[in-house]
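Accompanying notes for the structure given below.
Computed from a prediction, not measured in an experiment: that's the story for all the values here. Lettering of chains follows the sequences in order, A, B, ..., and the numbering in each one begins at 1.
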Amino acid sequence: MAQAPDLSVRIAGVPLKNPVMTASGTFGYGREFSLLVDLNRLGGIVVKGLSLEPSRGNPPPRIAETPCGMLNAIGLENVGIEAFAAEKLPYLQTLSTPVWVNIYGKSVEAYARLAERIQEIEGIAGVEVNISCPNVKSGGVAFGVDPQAAHAVIRAVRERTDLPLMAKLSPNVTDITVIARSVVEAGADAVSLINTLTGMAVDVENRRSRIANITGGLSGPAIRPVAVRMVWQAAQAVDVPIVGIGGILTASDALEFLIAGASAVQVGTANFVNPRATLDIIDGIEAYLVRHRFTSLTDVIGSLQW
Amino acid sequence: MFQERVKVLWNTLECSGYYRIGMQSNPGYSRAKPGQFVMVRFPDEVTPLLRRPFSIHRLILHQGRTAGIELLYKVVGTGTEKLSLSRKGDGLDLLGPLGTHFKIPENTRRVFIVAGGIGVAPMFFLSATLEKAGVDLTESRIFIGGRSRDDLLCMNDFISVGMRTVHLTTEDGSAGLRDLVTTPLERAVAERAPDRIYACGPLPMIRAVAKIARRYRAPCQVSIESLMACGLGACLGCAVEGADPGKYLHACIDGPVFEADRLNL
């Protein structure tokens, strides 16, 4: 019998036992899924986006289902960095899976202060900097659609922490390669993409938006082709590892990203639909490698034929 | 909590637009409590993409053991429409039991149950547990309201578990009193407040029931409906305004059953 293929990858210097991570905002603080998922099998856990202070988030309705996708405008409701460190992190530290903290701020200074604080906290493998949330009034996506602003945020975070740094990019831009180059130049060790696409859905009976925030972020399989395309473009433009995100429900979906040039993937909306999705995807990737006689996942990454 | 592939045991039309679906479930559902819910998915399909939440209508017992659960549902959109087409033997992906449940504190003797439309679904499960918890069914009452006679469900089921007094109202007068369900409720509460009120139904009804409960100082638990994606406290899509303005509650893990005074209705 042949040896099991090697699924391990390295993202921003962090070794992952397999390329499947959870996407921020879709997996809570991990523990929510512990009765259903063996969290130690995951390649990485990216927790819900954290701010300096607790945040209440947007009023309901916050979600709406759309064809093969969903819109959300949660508004980054979170417990804040201090409550995370005191109440949520101790559980995560009992796991063997690397924990990535996702951060967002309303100003460059807020990002910098978060980075400073995270630098002092034990047990965090890396930082994902969210410059791409479309659902908060200031900050978030405002930094992700402007190459100079994106550069400034990543630079500020880079100066305050030596933890591995991943910049999460917005698809709501004309040219993803410009932003990708800009954050790498500012010191990002990896880029993750895509965050949600800004969208909107109207209830025609009462002529109201189906989301209280009016616009929301579109996720799910509906956005996957856009995401794969952007990952492929980014892979041509930068030399750092790319983490592909966008509508991954199955192993085959994940492989599209890996073949297009992503070194790892994040699973998001699928966690809502099938809480075991991450594990099914890991098993499916392994089965694919066996079936195609690859000994290592690295043989597949960026192997797009053209 | 279990995520499992289960088979449909039956799916029958209850009355116009309402169905009853039975499905196998893990024997662990014997610990499920009234008011808890499940999330149902059509396996491997993306239309609809998200799971749909349903409260448990009753447990299915086979030779004294919990063999499955039954849901009572109304067709309101693409998810429930598709569910209504399920047949015996079809596979579904079932996640549950989830959320909080109705509580029956010790020394609860006399309760009022209020159900609006499909809000009756969890109330039958509740009524079936009352007697064991020491509640006097002959003194307790159930109030069922709906838009029309086709929206009044399960009347006989409540009688079958031993409840004696069932108040019926419809908005169009096609059955029972032509009134809102809260009118006979208020009259009965004013006469003699129960030890506890349990309510499930549309938000305006919940609001009115909570107001009556407050006025007559009757403890009140309500089950609320919300859009939700995960049911696990991860998506935070089901935010509900609580008494604390600083943060939202979430229908999936803080609810769906709440003490009425914890909510900002």
Greatest number of non-hydrogen atom pairs under 4.5 angstrom with chain A, of Q3(B), R41(B), M1(B), R51(B), falls to Q3(B)
Under a 4.5 Å heavy-atom cut-off, does chain A meet the side chain of P48(B), its backbone, both or neither? both
Does I214(A), at its CD1 atom, have more than 12 non-hydrogen atoms belonging to other residues, nucleotides or ligands within less than 6.0 Å? no
Residue by residue, which of residues 256-265 of chain B have a heavy atom closer than 4.5 Å to a heavy atom belonging to chain A? none
Residues 74-94 of chain B: residues contacting chain A (heavy atom under 4.5 Å, by number): none
Below 4.0 angstrom, N of the basic side chain to O of the carboxylate: do E65(A) and R52(B) qualify? yes
Counting only heavy atoms closer than 4.5 Å, note whether P59(A) contacts chain B via side chain, backbone, both or neither. both
E128(A) versus S192(A), side-chain donor and acceptor atoms under 3.5 Å: yes
Kindly assign one of parallel, tilted or perpendicular to the pair Y19(B) and Y73(B), based on the angle between their ring planes and the thresholds 30° and 60°. parallel
Sidechain-backbone polar pair: S132(A) side chain, K168(A) backbone, donor-acceptor under 3.5 Å: yes
Gap between atom CZ of F102(B) and atom CD of Q36(B) - 0.5 Å precision: 11.0 Å
With only heavy atoms counted, which part of Y29(A) is less than 4.5 Å from chain B, the side chain, the backbone, both or neither? neither
What distance separates L16(A) CG from T97(A) OG1, expressed to the nearest 0.5 Å? 9.5 Å
Nearest heavy atoms of M166(A) and M21(A), plus distance in Å: CE-CE, 4.1 Å
Is it the case that the side chains of D150(B) and Y18(B) hold a donor-acceptor pair, with the cut-off being a distance below 3.5 Å and no angle test? no
Ignoring hydrogens and angles, tell me if any N or O in the side chain of N78(A) forms a donor-acceptor pair with the backbone of L76(A) under 3.5 Å. yes
Indicate the atoms forming the closest heavy-atom contact of I118(B) with E225(B), along with that distance. CG2-OE2, 4.3 Å
Does K247(B) have more than 12 heavy atoms from other residues, nucleotides or ligands lying within 6.0 Å of its NZ? no
Mind checking which of residues 235-243 of chain B sit less than 4.5 Å from chain A, heavy atom to heavy atom? C235(B), L236(B), G237(B), A239(B), E241(B)
Any luck finding a side-chain donor-acceptor pair between D253(A) and T250(A) under 3.5 Å? yes
Gap between atom CG of L98(B) and atom CZ of F2(B) - 0.5 Å precision: 11.0 Å
Counting only heavy atoms not in R56(A) (residues, nucleotides, ligands), do more than 12 fall under 6.0 Å from its CZ? yes
Answer yes if the side chains of T169(B) and D179(B) hold a donor-acceptor pair under 3.5 Å, and no otherwise. no
Chain B neighbours within residues 267-275 of chain A, where any heavy atom lies under 4.5 Å away: T269(A), F272(A), V273(A), N274(A), P275(A)
Distance (rounded to the nearest 0.5 Å) between M39(B) CE and M228(B) CE: 6.5 Å
Which of the residues V46(B), L50(B), T47(B) is involved in the greatest number of heavy-atom pairs with chain A at under 4.5 angstrom? L50(B)
About how many Å separate OG of S174(B) and CZ of R147(B), when rounded to the nearest 0.5 Å? 12.0 Å
Interatomic spacing from CD1 in I282(A) to CG in N18(A) - rounded to 0.5 Å: 4.0 Å
Between L95(B) and chain A, with a heavy-atom cut-off of 4.5 Å, which part of the residue counts as in contact: side chain, backbone, both or neither? side chain
